[in-house]
Novice: 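Can you keep this structure in mind? I'll have questions shortly.
The structure presented is a predicted model; accordingly, all values stated were derived computationally and were not measured. Both backbone and side-chain heavy atoms feed into the values below; hydrogens, waters and symmetry mates do not.
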Amino acid sequence: MSDVAEMANGSLPRTSHAVTRLEDRGWVRRTVCTGRGRRFTVATLTDAGRDHLTAAAPAHVATVRRLVVEPLGEDGLPALGDLCQPIVAALGLPTEELRP
């Protein structure tokens, strides 16, 4: 959960509250684990959560295409990626290219 909160740039309590709502819907399951010299909680997407994500993806992709990809055109999208690299690096996230 701490890793999720950090990646989302949010506090652990706020992230925990959001995960509770997902858990109430049956989309996420939390498991308390021990290791690395401490106790920690792992949030896992359930089958129902994966189904919901899969169902939501086409509308999400269509919106991103309409609002970001189409206005930028073919040449603008790679430039946007280049501009985002320093931001991603400043957040401490991996900067290698991800390919589908």
Novice: Assess whether side chain to side chain contact (heavy atoms under 4.5 Å, CB included) is satisfied between V68 and L80, documenting all intermediate values.
Specialist: CA-CA 10 Å; V68 179; L80 177 63; 3.9 Å; yes

Novice: Should L22 and F40 be counted in the same cluster of Ile, Leu, Val, Met, Phe, Trp and Tyr side chains packed under 4.5 Å apart?
Specialist: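 No, it is not one cluster - the side chains of L22 and F40 are not joined through contacts under 4.5 Å.
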
Novice: If two hydrophobic side chains count as joined below 4.5 Å and joins carry through other members, does L77 share a cluster with L67?
Specialist: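 Shared cluster, yes.
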
Novice: Does atom CZ (R38) have a neighbourhood of more than 12 heavy atoms from anything else shown, all under 6.0 Å?
Specialist: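 Yes - once you tally the heavy atoms of other residues, nucleotides and ligands closer than 6.0 Å, there are more than 12.
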
Novice: Are L45 and L53 close enough that some pair of their side-chain heavy atoms sits under 4.5 Å apart?
Specialist: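 Yes, side chains in contact.
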
Novice: Surrounding CG of D82 (heavy atoms of other residues, nucleotides or ligands, distance under 6.0 Å), is the total greater than 12?
Specialist: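 Count over threshold, so yes.
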
Novice: Got a donor-acceptor contact below 3.5 angstrom from the T15 side chain to the S11 backbone?
Specialist: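 Yes: the side chain of T15 pairs with the backbone of S11.
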
Novice: Quick check on the hydrophobic clustering: are V64 and V61 connected, directly or via other members, by side-chain heavy-atom contacts under 4.5 Å?
Specialist: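 The answer is no; the residues belong to distinct hydrophobic clusters.
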
Novice: Which pairs with one or both residues in residues 10-28 pass salt bridge (Lys or Arg N to Asp or Glu O under 4.0 Å), sequence neighbours excluded?
Specialist: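 Matches after skipping sequence neighbours: E23-R30.
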
Novice: Verify side chain to side chain contact (heavy atoms under 4.5 Å, CB included) between T41 and T31, making sure each step is shown before the conclusion.
Specialist: CA-CA 6 Å; T41 302; T31 307; over 6 Å; no

Novice: Apply side chain to side chain contact (heavy atoms under 4.5 Å, CB included) to A48 and list each qualifying residue two or more places apart in sequence or on a separate chain.
Specialist: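 Result, side chain to side chain contact (heavy atoms under 4.5 Å, CB included) vs A48: W27, T46.
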
Novice: Give me the atom names and distance for the closest heavy-atom approach of V42 to C33.
Specialist: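 Heavy atoms only, the tightest pair is CG2-SG, 3.9 Å.
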
Novice: Testing the basics here: between P71 and R65, what is the closest heavy-atom pair and its distance to 0.1 Å?
Specialist: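 Looks like CD-O, 4.0 Å.
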
